[in-house]
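Report on the structure given below.
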Amino acid sequence: MARETSIVIARTPGDVFAYMDDVSREREWQPNLRSASREPDGPTRVGTRKRYESEFMGRRIVNTYVTKEFEPGQRVVYETTSDSAIRARSEIRWEAVAGGTRVSMSIDATPTGLLRLVPRAVLEGVFRDEVTATLHRLKEVLESGA
């Protein structure tokens, strides 16, 4: 499943990037996220690991993402570890545009475990809806002054 979704947020790229890179604030804009942590502490860099516990289709899902490529304020690429519920490669890009910042997220995911039994079309729809909801929530939070 590969999909890219974008939204324009009326804030500077630096503001949007800093907010999104703060793992302690991710629950504010990711509706299904239950907990998030980063290892090691400090700024993101290649090799940084982020562990997420979330709810997906009514199930508790745990994924660990490793930062594979990183250009602060411009682009980051994550890949899940082998013990994650979903094999995924995701990319986030921040681009200055008229009126603010275009945030683009793309996810190429393959379900594992029980999720692999769910029809692909159903999973694609759920992924699309969740990414769209996440970006709209991010816009709402940032444009309200976070």
Side-chain angles (χ1 to χ4, degrees), residues 1-9 11 13-95 97 100-144 146:
M1 282 176 281
R3 169 124 177 109
E4 180 170 300
T5 307
S6 298
I7 198 164
V8 174
I9 298 173
R11 296 283 294 265
D15 286 348
V16 178
F17 167 75
Y19 180 77
M20 290 178 74
D21 192 49
D22 184 348
V23 74
S24 71
R25 301 194 77 179
E26 287 193 47
R27 291 188 65 215
E28 295 173 12
W29 57 276
Q30 294 193 48
N32 295 324
L33 189 62
R34 301 296 169 249
S35 67
S37 61
R38 174 181 14 223
E39 185 182 293
D41 288 333
T44 298
R45 59 185 179 271
V46 172
T48 297
R49 298 167 75 85
K50 291 185 176 183
R51 183 178 185 277
Y52 297 101
E53 182 178 326
S54 57
E55 187 172 313
F56 182 74
M57 297 182 69
R59 291 188 168 89
R60 177 184 169 269
I61 301 294
V62 177
N63 288 308
T64 301
Y65 289 85
V66 177
T67 306
K68 295 296 187 174
E69 300 174 36
F70 185 60
E71 299 168 44
Q74 296 177 6
R75 178 176 172 268
V76 64
V77 175
Y78 299 107
E79 290 182 8
T80 55
T81 57
S82 62
D83 60 339
S84 295
I86 296 174
R87 283 192 310 266
R89 179 178 173 89
S90 61
E91 179 178 1
I92 304 171
R93 293 187 318 276
W94 299 268
E95 175 188 5
V97 296
T101 303
R102 175 176 290 114
V103 179
S104 300
M105 298 178 88
S106 65
I107 301 172
D108 186 5
T110 303
T112 62
L114 291 176
L115 286 177
R116 72 185 185 333
L117 303 176
V118 177
R120 188 171 196 81
V122 172
L123 285 175
E124 287 175 353
V126 172
F127 269 117
R128 179 184 59 247
D129 292 349
E130 286 197 6
V131 170
T132 299
T134 294
L135 287 175
H136 279 87
R137 177 72 183 143
L138 176 68
K139 178 180 177 72
E140 177 184 307
V141 169
L142 282 170
E143 290 183 354
S144 71

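These numbers were taken from a predicted model, which means no experiment stands behind them. All values below were derived from every heavy atom in this structure, side-chain atoms included, with hydrogens, water molecules and symmetry-related copies excluded.
Listed by chain and number, the residues in a side-chain contact (heavy atoms from CB on, under 4.5 Å) with Pro31 are Thr134 (sequence neighbours excluded). For the salt bridge (charged side-chain N to carboxylate O under 4.0 Å, His left out) test, residues two or more places apart in sequence or in another chain that qualify with Arg93 are Glu4, Glu91. For Glu69, the salt bridge (charged side-chain N to carboxylate O under 4.0 Å, His left out) test picks out Arg75, Arg89, with sequence neighbours left out.
The pair Asp83-Arg51 does not meet the salt-bridge criterion, since no charged nitrogen lies less than 4.0 angstrom from a carboxylate oxygen.
Below 30°, between 30° and 60°, or above 60°: for Phe70 and Phe17 the angle between ring planes is between 30° and 60°, a tilted geometry.
Remark: of the listed residues Glu28, Arg11, Glu26, Glu28 is the sole one forming a side-chain hydrogen bond (donor to acceptor under 3.5 Å, both in side chains) with Tyr19.
A distance of 7.0 Å separates CZ of Arg34 from CZ of Arg27, quoted to the nearest 0.5 Å. Between atom CD1 of residue Ile61 and atom CG of residue Leu33 there is a gap of 12.5 Å, rounded to the nearest 0.5 Å.
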Pair His136-Thr132, side-chain contact (heavy atoms from CB on, under 4.5 Å): steps then yes or no:
CA-CA 6 Å; His136 279 87; Thr132 299; 3.5 Å; yes
Take Thr81 and Arg49 through the side-chain contact (heavy atoms from CB on, under 4.5 Å) test and state the conclusion after the steps.
CA-CA 9 Å; Thr81 57; Arg49 298 167 75 85; 3.5 Å; yes
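Side-chain contact between Ser84 and Ile86 is absent, with no heavy-atom pair separated by less than 4.5 Å. Val16 is listed as a side-chain neighbour of Val103, based on a closest heavy-atom distance under 4.5 Å.
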